[in-house]
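By convention in this document, chain letters (A, B, ...) are assigned in the order of the sequence lines, proteins followed by strands, and residues within each chain are numbered from 1.
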Amino acid sequence: MTDYKNTLNLPDTPFPMRGDLAKREPGWIEQWQQKKLYQRIRAACAGRPKFVLHDGPPYANGDIHIGHAINKILKDIVVKSKTLAGFDAPYVPGWDCHGMPIEIQIEKKHGKNIPVEQTQKLARAYADEQIERQRKDFIRLGVLGDWDHPYKTMAFRNEADEIRVLGKLLEKGYVYRGLKPVNWCFDCGSALAEAEVEYQDREDFAIDVGFPLADEDRGKLAQAFGLPKLPEGPAYAVIWTTTPWTIPSNQALNVHPEFDYALVATERGTLLVAAELSAACLARWALQGKPLGSSKGQALERIRFRHPFYDRYSSIYPGDYVTLDQGTGIVHSAPAYGVDDYTICKRYGMKDEEILTPVQGDGRFGASLEFFGGLSIWKANPLIVDKLKEVGTLFHAGKFMHSYMHCWRHRSPIIYRATTQWFAGMDRKPNGGGPTLREAALAAIEVTQFFPGWGKQRLHNMIANRPDWTLSRQRQWGVPMPFFQHKETGEPHPRTAEILEQVAQRVEREGIEAWQRVSAEELLGTDAANYVKSKDTLDVWFDSGSTHQTVMGGPNGAKESIGSHPTQFPADLYLEGSDQHRGWFHSSLLVSCMLHGGAPYRSLLTHGFVVDGTGRKMSKSLGNTIVPQEVSSKLGAEILRLWVAATDYSAELGISDEILKRVVEAYRRIRNTLRFLLANLADYDHTQHALPAAQWLEIDRYAVAFTQALQESVIEDYRRYDFHIVVQKLQQFCSEELGAFYLDILKDRLYTSGENSKARRAAQNALHHITHSLTRLMAPIMSFTAEEVWSIWRAVPDDSVFLHTWYVLPEIDGAAGLQERWTRLRAIRASVQKQLETLRADGQIGSSLAAEVTLYANGEQLPFLQSFGDDLRFVLITSQARVASGSTPQAIPSEVADVAVQATPSEQPKCVRCWHYRADVGGDATHPEICGRCVANLCGDGEPRTYA
RNA sequence: UUUUCCAUGGCUCAGUGGGUAGAGCAAUCGGCUUAUAACCGAUCGGUCGCGGGUUCGAAUCCCGCUGGAAAAGCCA
């Protein structure tokens with residue numbers, strides 16, 4: 001028996017079936033870096049229309065987690081797909097470097113009381129280390145970008161420009177000074193962040209204090225309770241508090257607008273308390289009471305009481321925060337020392353300058369405070385209780401154990417304290433008129449495009465409801481607000497604008513450390529004695545929120561010093577996790593609106609967070625975390641990329657071992673399809689073997705036509721950032737269109753026709769185009785694999801798929817007709833396969849080539865099927881396919897109207913070469929084992945083929 | 001608690017202006033041994049989170065509930 005196997009043109013390729021991704025990816029990355037691929041892409045794209053994705057800077061602390069990976073991979077897919085689509089799409093990664101988490105790291109490592117400049121120096125070095133670690137991991141994901149020239153918010157130039165931005169905003173009139181309650185530690189002499197607050201048990205006084213009703217408002221109170229008049233004698237609103245030291249700062253009383261309040265007659269006078277608590281209160285005060293009436297809290301609005309020992313009013317301001325857990329249902333309000341107190345008093349129109357702030361930064365009352373001046377608040381506590389007793393308004397005093405805020409450094413109790421801060425006003429009219437910041441920002445949202453659409457609503461709500469932006473922080477590792485404030489008035493120095501620029505210049509040379517080194521005398525001369533140098537820093541959100549100016553250069557165009565590439569303003573896209581509606585999307589919008597009156601981006605894309613397979617968020621305590629480094633080293637970054645792309649990022653992204661397993665399977669399917677394509681193109685040289693499409697077989701034209709349709713729709717999906725649809729389509733394309741249909745049918749022709757026959761070259765010609773199209777379509781997602789494919793056929797040594805654009809497939813005449821015609825045939829083919837399956841199940845055939853079919857067709861199906869001639873059997877992959885009119889009892893009606901299928905095992909001998917069962921096997925005496933067409937393909941002119 | 005969003009077969013996703021659900025993968029069974037730790041075929045599988053309502057008719061519109069995610073920090 002002659003071995004005909006080596007007369008076949010079997011597939012051959014160095015492209016391995018297994019990707020071995022984890023091991024081989026680092027090699028590709030190294031090549032990209034060595035050959036300066038990113039720079040070469042920039043050169044190749046020069047002059048094209050720009051697409052600028054401005055990178056939202058990750059925080060330079062900690063190794064990257066899966067959320068970082070998602071974000072960077074999505075950005076990479078966007079940038080690469082825009083590049084393939086013919087844009088010049090630079091990507092300059094950035095890092096956010098200032099801020100408390102780093103400050104805390106430094107404190108943990110080096111102790112808690114180091115000088116500011118030292119902290120800054122250490123923080124700077126620490127941030128650089130972190131950036132290095134993160135950069136390595138980001139690069140490992142296959143993300144292409146200018147990794148050698150990233151932007152950092154701690155770059156001197158960036159720090160300096162940020163001070164300049166601040167100066168601009170001040171000049172434009174958006175920035176003002178005002179009060180705000182913050183967590184305050186007397187030992188630190190500074191505000192604390194939530195992360196620096198610890199809770200410990202502490203015993204305090206718990207006192208009930210009566211606020212006497214103002215004589216002028218006796219009528220009003222009576223009226224609120226529907227009484228003609230109040231009983232004779234004093235009347236009190238009784239409050240309960242655990243902080244007697246706040247009593248001197250009391251300026252209001254809060255009740256809940258919805259609660260019922262009772263007026264109770266007792267031997268100590270008429271008392272106002274919450275109805276629900278009155279019994280408990282009377283018991284505590286050892287009083288008998290007679291209810292006089294009841295009223296909603298809202299009705300008590302603005303009724304005036306008097307401070308127990310100072311000569312001033314304290315009015316009732318209803319507020320939702322009041323509860324009935326403890327106390328009397330009436331809360332005393334010291335706006336300088338409580339957040340709720342502050343907001344309610346402000347809501348009732350209290351001005352900052354009216355708010356009493358007797359407690360100084362060191363915890364002592366100011367000297368001018370009557371009775372308690374100069375005392376620390378803790379020392380004053382019992383004296384205040386005594387004073388209340390003395391004036392006769394103390395109803396009860398006890399001790400109370402509760403969990404109280406303490407400083408994590410000093411373990412000492414801390415308080416809320418209203419301090420002077422700098423704000424960006426949402427509703428101020430800027431100098432020179434124009435819309436307020438809120439108006440400008442809301443208008444900017446209207447003209448921004450959101451992916452997905454709901455982001456618009458979300459950002460809108462936040463901007464519409466947010467309070468003024470507190471710009472100042474009492475922190476060390478941050479960009480200074482280099483102000484000098486007058487010792488008496490607190491007003492900034494009249495030459496502030498000029499001073500800011502002087503400081504900016506120094507910071508540009510020496511970094512923010514320069515502000516520590518500069519003295520008031522240097523900048524103010526003889527004025528220095530009257531001014532205090534501010535220790536405030538800018539909110540870190542201001543750092544990243546102004547990168548459109550400090551990095552991108554704003555509307556006046558690019559600067560080369562930080563970003564290494566020219567850019568444009570506004571950016572085409574900001575792409576971040578959904579939390580950034582409150583974060584970077586938000587802060588960038590505000591800064592840009594103040595600076596330029598509009599958003600710094602044309603569109604926003606947002607993605608959800610990672611959750612595990614059951615939809616729960618990842619946490620170390622749940623033990624359901626998956627880290628990108630591990631996926632990269634076990635399965636390959638390509639798998640992570642494919643997972644990101646395949647998942648609908650508009651909601652949460654689920655990941656688990658099973659999900660990754662499915663992704664690996666999908667990957668293998670696509671990879672093997674590519675392998676088959678490459679293997680069958682091994683001997684094809686497009687420059688020599690290409691044929692005009694008119695000379696191909698019909699199925700080849702159809703294949704290129706459906707590839708064209710796929711390509712168009714995928715390009716559109718990329719344009720809409722619907723990457724999971726892209727993956728879905730690519731996978732289905734490989735499985736259905738190619739694997740189960742075109743390639744399956746093509747095997748016979750590729751393997752058995754003459755190597756250089758027109759029939760075979762036509763097939764390869766089509767495959768060549770399909771492979772080009774497919775490789776580029778997958779490249780933004782499966783970058784490593786696409787590059788691997790590219791390396792096999794690239795002519796130029798340093799070529800890369802990323803130096804090209806979407807493939808231009810040849811025009812196929814009558815593509816629409818072909819699609820329609822073959823879709824129809826494929827439906828019939830499917831029903832044939834069902835028939836073959838029953839034969840197979842019956843043991844009558846194995847391979848479909850062991851069968852012959854007759855299709856009984858009526859109506860227009862008859863000429864339709866006949867139109868494929870003898871090639872129909874190749875489409876059906878049977879050894880014989882006849883078309884007949886009418887019907888026969890043996891034929892089974894198919895799912896297609898007017899077509900019945902009769903399938904039988906072939907009785908012909910099997911050709912050992914092509915495996916078809918044909919009557920003409922042995923027709924040539926010199927080749928007794930093979931069929932006629934094999935003889936023709938081997939020795940003659942080759943078989944004629946027209947359709948498939 | 002408030003705001004925004006999500007919930008379709010084991011997994012990932014489709015489902016167009018409402019007309020009683022589709023695909024790929026997996027699973028099961030079978031075939032091939034010329035893509036071979038690959039490939040082909042067939043089969044199985046969903047009361048579209050739950051409960052109401054609108055409608056002749058709802059996965060699709062409305063309300064409520066449950067579960068989940070993000071935000072409401074001198075956290076990024």
Side-chain angles (χ1 to χ4, degrees), chain A residues 4-5 8-11 13 17-18 57-62 96 98-102 104 180 182-183 190-197 421 452 454-455 457-462 465-466 470 472-475 478 536-537 539-541 544 577-584 586 606 608-611 613-617 643 646-648 650-654 656 658-659 661-663 665-666 668-669 672-673 675-677 679-680 724-725 727-729 731-732 734-736 739-740 743-744 747-748 750-752 830 833-834 836-838 840-841 843 845-850 877 913-915:
Chain A
Y4 285 101
K5 190 163 171 177
L8 297 170
N9 311 299
L10 292 180
T13 179
M17 191 156 79
R18 294 273 174 161
Y59 192 67
N61 185 31
D96 199 4
H98 301 296
M100 199 183 65
I102 289 178
I104 286 183
K180 193 195 177 194
V182 296
N183 292 315
S190 147
L192 297 185
E194 194 69 28
E196 297 170 305
V197 176
Q421 302 294 343
W454 52 258
Q457 178 81 26
R458 189 166 171 184
L459 191 55
H460 179 100
N461 288 351
M462 285 176 171
N465 298 323
R466 70 154 296 148
T470 314
S472 49
R473 295 291 129 94
Q474 287 70 50
R475 297 265 123 221
D536 290 352
T537 57
D539 177 8
V540 273
W541 282 113
S544 55
S578 63
D579 58 334
Q580 298 302 328
H581 285 95
R582 190 44 136 186
W584 195 52
H586 192 110
T606 195
F609 278 64
V610 199
V611 294
T614 64
R616 278 174 202 285
K617 71 170 149 196
W643 166 72
T647 308
D648 178 2
S650 69
E652 299 93 68
L653 294 88
S656 65
E658 179 181 357
I659 291 168
K661 206 164 127 193
R662 291 289 103 81
V663 175
E665 275 149 7
R668 281 218 264 269
R669 179 41 138 142
N672 267 311
T673 304
R675 178 165 189 264
F676 181 87
L677 292 169
N680 283 287
H724 66 289
I725 306 291
V727 174
Q728 203 101 143
K729 281 178 182 166
Q731 198 186 347
Q732 262 180 66
C734 288
S735 294
E736 292 295 293
L743 300 184
D744 203 25
K747 282 178 200 169
D748 177 82
L750 287 167
Y751 299 167
T752 69
Q833 283 174 327
K834 266 185 196 150
L836 294 177
E837 189 59 24
T838 61
R840 194 174 285 135
I845 59 164
S847 156
S848 62
L849 283 175
I877 319 187
R913 184 169 177 272
C914 73
W915 297 349

Does A:Arg840 use its side chain to pair, donor to acceptor, with the backbone of A:Gly846 at less than 3.5 Å? yes
Under 4.0 Å between a Lys/Arg side-chain N and an Asp/Glu carboxylate O for A:Asp579 and A:Arg582? no
Could you check A:Arg475 against A:Glu196 for salt bridge (Lys or Arg N to Asp or Glu O under 4.0 Å), going step by step and ending with a plain yes or no? CA-CA 12 Å; A:Arg475 297 265 123 221; A:Glu196 297 170 305; 2.3 Å; yes
Check every strand shown and say whether A:Arg675 touches a base, only sugar-phosphate, or nothing at a heavy-atom separation below 4.0 Å. sugar-phosphate
Counting heavy atoms from C-beta on, name the nucleotide in B:U12, B:A35, B:G31 closest to the side chain of A:Gln728. B:U12
With both distances under 3.5 Å as the test, what is the Watson-Crick or G-U wobble partner of B:A38? none
Of the listed nucleotides (B:G10, B:G41, B:A14), which one gets closest to any side-chain atom of A:Ile725? B:A14
Assign A:Glu665 to base, sugar-phosphate, or nothing according to its heavy-atom contacts below 4.0 angstrom with the strands shown. sugar-phosphate
Considering every strand and a 4.0 Å limit on heavy-atom distances, what is the contact class for A:His581: base, sugar-phosphate, or nothing? nothing
Could you tell me the separation between the CG atom of A:Leu653 and the C1' atom of B:C6, rounded to a whole number of Å? 12 Å
If B:C50 has a Watson-Crick or G-U wobble mate with both distances under 3.5 Å, name it; if not, just say none. B:G64
OP1 or OP2 of B:U4 less than 4.0 angstrom from a side-chain nitrogen or oxygen of A:His460, does that happen here? no
Side-chain donor/acceptor contact of A:Glu837 with base of B:G41 under 3.5 Å: yes
Base, sugar-phosphate, or nothing: which does A:Ala740 touch, judged by heavy atoms less than 4.0 Å apart? sugar-phosphate
Under 3.5 Å: donor-acceptor pair, side chain of A:Ser578, backbone of A:Thr606: no
Taking OP1 and OP2 of B:A42, is either one under 4.0 Å from a side-chain nitrogen or oxygen of A:Thr838? no
Minimum-distance nucleotide (side-chain atoms of A:Ala651 versus B:C11, B:C32, B:C6): B:C6
Is it true that a side-chain atom of A:Trp584 and a backbone atom of A:Ser544 form a donor plus acceptor pair closer than 3.5 Å? yes
Flag, side chain of A:His586 to backbone of A:His581, donor-acceptor distance under 3.5 Å: yes
Using a 4.0 Å heavy-atom cut-off across all strands, classify A:Gln731 as base, sugar-phosphate, or nothing. sugar-phosphate
For A:Leu192, which contact category applies under a 4.0 Å heavy-atom criterion: base, sugar-phosphate, or nothing? sugar-phosphate
Which nucleotide, B:A42, B:A38, B:C74, lies nearest any side-chain atom of A:Gln474? B:C74
What contact category does A:Phe676 fall into here, base, sugar-phosphate, or nothing, at under 4.0 angstrom with non-hydrogen atoms? base
Only counting residues at least two apart or in another chain, list the ones meeting side chain to side chain donor-acceptor pair (under 3.5 Å) with A:Thr647. A:Trp643
Distance between C1' atoms of B:C44 and B:A35 (Å, rounded): 28 Å
Check: A:Ser656 side chain, A:Gly613 main-chain N or O, donor-acceptor pair, under 3.5 Å: no
Heavy atoms from C-beta onward define the side chain here; which of B:G30, B:G24, B:C39 lies closest to that of A:Gln732? B:G24
Record whether the side chain of A:Trp541 comes under 3.5 Å of the base of B:A76 through a donor-acceptor pair of N or O atoms. yes
Could you tell me whether a side-chain N or O of A:Thr470 sits under 3.5 Å from a main-chain N or O of A:Ser472, the two making a donor and an acceptor? no
Starting at atom NZ of A:Lys747, determine the distance to atom C1' of B:U33, rounded to an integer number of angstrom. 11 Å
Nucleotide nearest A:Asn672 (side chain, heavy atoms from C-beta), chosen from B:A35, B:A76, B:C25: B:A35
Taking pairing as Watson-Crick or G-U wobble with both contacts under 3.5 Å, can you name the mate of B:G18, or confirm there isn't one? none
Round to the nearest Å and state the distance from A:Gln833 atom CD to B:C32 atom C1'. 14 Å
For A:Gly654, which contact category applies under a 4.0 Å heavy-atom criterion: base, sugar-phosphate, or nothing? nothing
How would nucleotides 63-72 of chain B be written as a contact map, 5' to 3', with B for base contact, S for sugar-phosphate-only contact and - for no contact, using protein heavy atoms under 4.0 Å? -----BSBSS
Length of the OH-P vector between A:Tyr59 and B:G73, whole Å: 19 Å
d(CG, A:Asp744; P, B:C32) in whole Å: 14 Å
When rounded to whole Å, the CD1 to P distance for the pair A:Ile659 and B:C13 reads 8 Å
Please classify the nucleic acid contact of A:Ala191 as base, sugar-phosphate, or nothing, using heavy-atom distances under 4.0 Å. base
Measure CG/A:Asn680 against C1'/B:U36 and give the value in whole Å, please. 14 Å
Give A:Thr752 one of three labels, base, sugar-phosphate or nothing, depending on what nucleic acid heavy atoms sit under 4.0 Å from its own. nothing
Can you tell me the Watson-Crick or wobble partner of B:C25, both distances under 3.5 angstrom? B:G10
Residue pair A:Arg668/A:Asp648 against RNA chain B: nearer the 5' end by closest nucleotide is A:Asp648
In plain terms, say whether A:Arg662 and A:Glu665 are close enough for a salt bridge, that is, a side-chain N and a carboxylate O under 4.0 Å apart. yes
Counting any heavy atom closer than 4.0 Å, what does A:Lys661 reach on the DNA or RNA strands: base, sugar-phosphate only, or nothing? nothing
Identify whether any heavy atom of A:Lys180 sits under 4.0 Å from a base atom; if not, whether one sits that close to sugar-phosphate; answer base, sugar-phosphate or nothing. sugar-phosphate
Between A:Gly846 and A:Val540, the residue closer to the 5' end of RNA chain B by nearest nucleotide is A:Gly846
Any side-chain to backbone donor/acceptor pair from A:Tyr4 onto A:Cys914? Under 3.5 Å, distance only. no
Watson-Crick or G-U wobble partner for B:C32, using a 3.5 Å limit on both distances? none
NA contact type, A:Asn461, heavy-atom cut-off 4.0 Å: base, sugar-phosphate, or nothing? sugar-phosphate
